[in-house]
Amino acid sequence: AVVSTQSTGYSTRIALWFTCGAYFGIIAMFSSIIILMYTFFYSFVKDTEDSSKILTPVVPGVNLPNSQILPYLFTLLISGIFHEYGHALAASREGVSMYGSGLFLFLIYPAAFVDLNTEALKRCDAFQRLRIFCAGVWHNCIMMVAAYAIWCVLPFALFFVGYIKEHAVTVTWVEPGSALHQQVHPGTKIYSINNCPVIDKVSWGQCLWKQYDVNQLKGNCVDDFVLSEIKSPVDCCKEGVISPKSICFNSTVGAQCLHARRLLDQLPCSGNSKCASGACYTVHPREGSLLQLIHSSSSDKALFIGDPAHLYYTLHVSDYTSRWFYAHLPNYIETLMIYIVSLSGALAIFNAVPAFYLDGQHMLDAFLEFLIDQCGIRFRAGILENVSFVIQLFSTGLIAVNVINAFIQVCVMYQ
């Protein structure tokens, strides 16, 4: 018989690939328990907002904007398919046949599965089974790293096809319900928010959330001379009175209905101590939680009164601009890569937990059997199964308390 050297080399590389996956799976299995324990105890020493950063349930329409639902579900689907493809490929390498595969919905979340030959799996030795069971989380890890690499080189790749980055963000879409739909349009460049420089999407979000900081400068200094010029003849501070260009402002000397745009040309302040003369005027609480100025250019300004989160969710912005290509394309690619990194990483960690009905359950059984075989230790019948059961019971409980705790945090944050 003649054996192809090329075929043998390919088989060796595949075996090495899944051997690396097996060792990665072992590390991920124990790391996942540490992560879950840290997350649980961390939630009791930090505030609700911080403790939800490691494990957060995603609820469409609650903490996932409607515009992100399809990209999220699509990424979840391809991450699940790639995960199951890893199991199928590893099983094929070990001579385990597959009865079938498919897709299904868990509530509204898409998922995939493969049905392997159970009898053939039992005939495999412990490390062969470890290769098969760890292949899913291994492939998710590789997918996560690849997506992160693409995200890192994305600015360079987009530059060569005509996209450029400026020290600003470009509006790509304005939701119909946005309060700024008549003032800001696709293609508008935003350079600052209330004197906070906006140079990219990260600083865009930071400048918006910074407005919630009580230590931020919230008002503007107005002396008596300026006050006489910008004071509205209509007293909009009275309940039910509306002025098209003026809004109600508070100060230590009383409430005044002032021309908002002209007031914003005055020096910012946070109290009378910040004003050389006159008083510090801040937006009346009934008008909204924030008055912010968005500079679209050096001369064009858009005024917004309300909750900063409204702008974050109704104005879609991009770091890139192009005269020739579709403005949304960089955002789509970037969003997809970010979701792949987060969801593939989450699937890898979650499935590696040695809990009931997860890959980690089978990974733990195969690992313990492999470890005992390598050490040459002999236990009484049932001891190994009992150890595995206790670990799986503990891990399942750990997942349950973390998920319940995370849902409580979401409910508190979005009530």
Side-chain angles (χ1 to χ4, degrees), residues 47-50 52-53 56-73 75 151 165-218 260 264 283 285 287-297 300-321 327-339 341-343 409-415:
D47 59 36
T48 300
E49 185 175 343
D50 285 340
S52 63
K53 290 181 179 178
T56 304
V58 176
V59 183
V62 178
N63 59 349
L64 182 69
N66 292 336
S67 60
Q68 298 295 307
I69 292 177
L70 285 180
Y72 174 84
L73 295 179
T75 306
W151 180 77
K165 293 185 71 171
E166 301 182 20
H167 289 290
V169 293
T170 303
V171 177
T172 58
W173 177 252
V174 182
E175 295 285 348
S178 174
L180 290 181
H181 72 280
Q182 292 183 338
Q183 300 184 66
V184 176
H185 309 282
T188 299
K189 292 181 176 62
I190 300 175
Y191 295 93
S192 67
I193 302 172
N194 278 7
N195 299 314
C196 177
V198 175
I199 60 174
D200 53 25
K201 288 203 312 183
V202 174
S203 60
W204 158 258
Q206 289 173 343
C207 286
L208 286 175
W209 304 131
K210 190 181 292 184
Q211 308 308 318
Y212 291 110
D213 187 353
V214 295
N215 297 317
Q216 288 298 307
L217 300 178
K218 295 283 187 170
L264 287 172
V283 182
E287 301 283 3
S289 60
L290 171 73
L291 171 68
Q292 56 185 339
L293 178 65
I294 300 178
H295 301 266
S296 298
S297 67
D300 188 21
K301 300 176 182 179
L303 195 64
F304 171 78
I305 305 164
D307 189 345
H310 176 82
L311 287 189
Y312 187 79
Y313 290 117
T314 61
L315 287 187
H316 301 193
V317 300
S318 173
D319 293 341
Y320 303 91
T321 183
H328 289 282
L329 182 61
N331 265 9
Y332 287 153
I333 299 174
E334 194 173 54
T335 300
L336 184 62
M337 294 305 107
I338 291 173
Y339 274 140
V341 169
S342 59
L343 290 177
Q409 291 168 2
V410 170
C411 292
V412 171
M413 289 177 64
Y414 295 93
Q415 63 182 357

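Computed from a predicted structure; not experimentally measured. Just so you know, these numbers use all the heavy atoms, side chains as well, and skip hydrogens, waters and symmetry mates.
- Every side-chain contact (heavy atoms from CB on, under 4.5 Å) that Thr172 has, sequence neighbours left out, goes to His316, Ser318, Ala327, His328, Asn331.
- Here the closest heavy-atom approach between residue Trp173 and residue Pro186 is recorded as CA-CG, 4.4 Å.
- In plain terms, the two heavy atoms of Tyr191 and His167 that are nearest each other are CD2-O, 3.6 Å.
- In this view, Tyr339 and Gln68 satisfy the side chain to side chain donor-acceptor pair (under 3.5 Å) rule, not counting sequence neighbours.
- Within the 4.5 Å cutoff, side-chain heavy atoms of Val169 are placed close to those of Asp319.
- Scored by the side-chain contact (heavy atoms from CB on, under 4.5 Å) test, Val341 finds Met144, Ala147, Tyr148 as partners (sequence neighbours excluded).
- For Thr170, the side-chain contact (heavy atoms from CB on, under 4.5 Å) criterion is met by Lys189, Thr321, not counting sequence neighbours.
- One finds the CG atom of Leu311 at 8.0 Å from the CD1 atom of Ile190 (value rounded to the nearest 0.5 Å).
- For Ser203 (side chain) and Ile199 (main-chain N/O), a donor-acceptor pair under 3.5 Å exists by modelled atom type.
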Could you walk me through whether Glu334 and Trp151 satisfy the side chain to side chain contact (heavy atoms under 4.5 Å, CB included) test, starting with their C-alpha distance in whole Å, then the side-chain angles of each, then the deciding distance to 0.1 Å, before giving a yes or no? CA-CA 6 Å; Glu334 194 173 54; Trp151 180 77; 3.5 Å; yes
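- Rounding to the nearest 0.5 Å gives a distance of 11.0 Å between CH2 of Trp204 and SG of Cys196.
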